[in-house]
Amino acid sequence: MDIFISVMPRFDDTNPEAEKKEYIDHIQEIVHWLGWEPYKVTYTSDYFQALYEHAVELLRKGLAYVDHQTAEQIRKDRETNTDSPWRDRPIEESLQLCEDMRRGLIAEGAATLRMKQDMQNDTRNMYDLIAYRIKFTPHPHAGDKWCIYPSYDYAHCMVDSLENITHSLCTLEFDVRRPSYYWVLVALGLYQPYVWEYSRLNISHNIMSKRKLNRLVTEKWVDGWDDPRLLTLAGLRRRGVSAAAINSFIRGMGITRSVNSLIPVDRLEYHIREELNKTASRAMVVLHPLKVPFSRTVYIEKTDFRLEDSKDYYGLAPGKSALLSYAFPIKCTEVIHGDNPDEIVEIRAEYDPSKTSKPKGVLHWVAEPAPGVEPLKVEIRLFEKLFLSENPAGLEDKEPEGTAWLRDLNPHSKEVVKGAYAVPSLATAVVGDKFQFERLGYFAVDTDSTPEELVFNRTVTLRDSYGKGPR
RNA sequence: GGUUUCGUAGUGUAGUGGUUAGCACUCCAGACUUUGAAUCUGGCGACCUGGGUUCGAAUCCCUGCGAGACCUCCA
């Protein structure tokens with residue numbers, strides 16, 4: 001038996017000051033990129049008229065009133081369970097004032113519409129919550145038709161009901177809002193959906209909170225919402241993570257109310273590797289080239305050579321052989337130092353015919369395309385974990401500004417390698433192309449690439465078992 | 001302080017009165033290997049604590065301990 005579910009995401013655009021068209025457009029585009037097509041996308045602002053009519057009905061039932069207290073006065077009264085002095089004003093008076101609010105005849109801050117819930121309730125979330133506030137701000141979606149706007153607590157439940165959904169899904173912090181959610185629906189005799197809360201996805205060594213992300217971006221700690229170090233969908237996409245990997249990652253997790261879950265980033269990396277292993281073309285790139293003049297000059301990785309050999313080391317050393325991948329074995333015969341004896345500018349090597357089977361060290365390499373012609377030069381961007389500790393959001397905060405997590409940022413989370421060499425086949429790579437650079441990891445073409453120079457982001461490293469020694 | 005939510009292998013979870021407590025990642029071992037990658041085979045590892053109900057409890061009830069959330073004219 002198959003179960004079919006339709007999902008209707010809604011933009012809760014009740015605050016015109018906080019809504020931005022570019023965010024809305026981006027969210028819709030990135031959800032589409034992820035491969036999900038909602039059954040319908042709606043806006044709370046589509047229901048502004050109905051919401052207002054229901055507010056009038058609440059007033060007629062004597063279940064709402066226009067209040068003139070300041071936010072501070074309201075807060076104080078809530079602390080002492082005290083009714084507003086305007087709570088029991090005549091219905092006709094509140095009706096008239098509500099209409100005046102709607103027509104823009106009352107100044108911002110001079111009145112609110114509050115629901116007559118229960119100032120003596122067990123939970124503060126029932127203390128005559130505000131249903132409407134005055135804001136002389138046009139709405140990005142609804143235009144300038146309104147100067148009063150509904151609150152989350154008034155609008156959310158009602159639009160759920162008006163849309164006739166079965167289940168309303170939201171994150172855990174809304175759990176304590178349930179009493180108010182159902183109070184509104186019961187008061188108006190409207191259909192009541194189920195409400196299910198679930199905990200937010202947290203991934204180690206990073207942050208997922210919108211508030212913190214916003215801060216990282218606006219304060220320029222990162223390079224924007226699509227910085228490849230971020231776990232935003234835009235960031236992951238730019239980094240080279242595919243939608244399939246993300247969906248696979250999400251699919252493997254439970255949806256619970258567990259409050260402290262923290263998924264190790266390893267797990268995301270596992271899914272990214274799994275996907276790219278299947279889909280990425282293989283190519284060879286040398287990040288830090290070491291010159292090996294030969295019949296044709298080749299470049300190997302600096303780290304694939306060292307002066308001292310040892311049993312568990314498979315690369316080149318003086319007098320030692322290794323295999324050039326897809327080519328032939330070579331033996332290092334001479335080391336050429338620079339002015340500084342610690343600096344090695346090139347090594348001399350020769351074909352080694354004795355190395356015929358079971359090579360231990362297989363090295364990637366890039367050759368000059370023609371004698372004396374430099375190989376294709378590319379820029380490589382390497383990323384490490386954005387934060388040093390596992391759960392930066394959970395760091396003890398003793399500062400008023402709450403900056404402990406910012407101080408946990410990894411100063412080495414991004415490294416730019418300028419002088420890498422790539423095989424000629426990569427010259428035609430375009431944004432969207434992904435590769436495994438053999439022995440190095442998975443890489444994707446970045447949007448910063450130009451006709452003169454390609455830029456590759458490292459999406460994820462290969463698994464590294466070097467420290468475990470030879471098998 | 002009030003209200004409220006959560007607690008199953010290292011990590012994330014499945015389980016809703018009767019299982020050898022399942023899955024995945026991590027970890028360990030072996031095999032294979034022209035990527036110390038990939039692949040294949042095997043393994044280690046858990047029901048926060050105490051009490052109660054019951055023939056029988058991870059599952060129901062209570063106490064304790066621990067960890068969160070909410071308390072904005074933000075959502």
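We name chains A, B, ... by the order of the sequence lines, and we start the count at 1 in each one. This is a predicted model, so every value here is computed, not measured.
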Is there a side-chain contact between A:Ser258 and the phosphate of B:G12, meaning an N or O under 4.0 Å from OP1 or OP2?
no

Using atom types as modelled, flag every donor-acceptor pair under 3.5 Å from a side chain in residues 50-59 of chain A to any protein atom, sequence neighbours excluded.
from, atom 1, to, atom 2, distance (Å)
A:Tyr52, OH, A:Glu99, OE1, 3.0
A:Glu53, OE2, A:Gln49, NE2, 3.2

Considering only atom C1', compute the distance from B:A58 to B:U16 and round it to an integer number of Å.
10 Å

Taking only side-chain N and O atoms of A:Thr256, does any of them lie within less than 4.0 angstrom of OP1 or OP2 on B:G12?
no

Phosphate contact (B:G68 OP1 or OP2) by A:Ser199 side-chain N/O below 4.0 Å:
no

How many whole angstroms separate atom CG of A:Leu129 from atom C1' of B:U3?
14 Å

Hey, does the side chain of A:Tyr270 come within less than 4.0 Å of B:C25's phosphate (OP1/OP2), counting only N and O?
yes

Tell me which of A:Glu17 and A:Asn125 sits closer to the 5' end of RNA chain B, going by the nucleotide each one is nearest to.
A:Asn125

Base, sugar-phosphate, or nothing for A:Tyr149, non-hydrogen atoms under 4.0 angstrom?
nothing

Pair A:Glu438-A:Tyr326, side-chain donor/acceptor within less than 3.5 Å
yes

Calculate the interatomic distance between A:Phe136 atom CZ and B:C73 atom C1'; express it in whole Å.
13 Å

5'-most contact on RNA chain B (nearest-nucleotide basis), A:Asp266 vs A:Arg273, goes to A:Asp266

Tabulated below should be each protein N or O lying under 3.5 Å from an N or O of nucleotides 42-48 of chain B; please produce it.
none

Using a strict 4.0 Å threshold on nitrogen-to-oxygen distance, state whether A:Glu197 and A:Arg178 make a salt bridge.
yes

Using a heavy-atom cut-off of 4.0 Å across all strands, would you classify A:Ala18 as base, sugar-phosphate, or nothing?
nothing

Within this structure, what is the CD1-to-P distance between A:Ile250 and B:G12, rounded to whole angstrom?
15 Å

At less than 4.0 Å, is any side-chain N or O atom of A:Arg133 found next to OP1 or OP2 of B:C74? Yes or no.
yes

Let me check I have this right: for RNA chain B, each base becomes ., (, ), [, ] or |, based on Watson-Crick or G-U pairs with both distances under 3.5 Å. What is the full string?
((((((((.[[[[.)..(...]]]].(((((.......)))))....[.[[[..)....]]].])))))))....

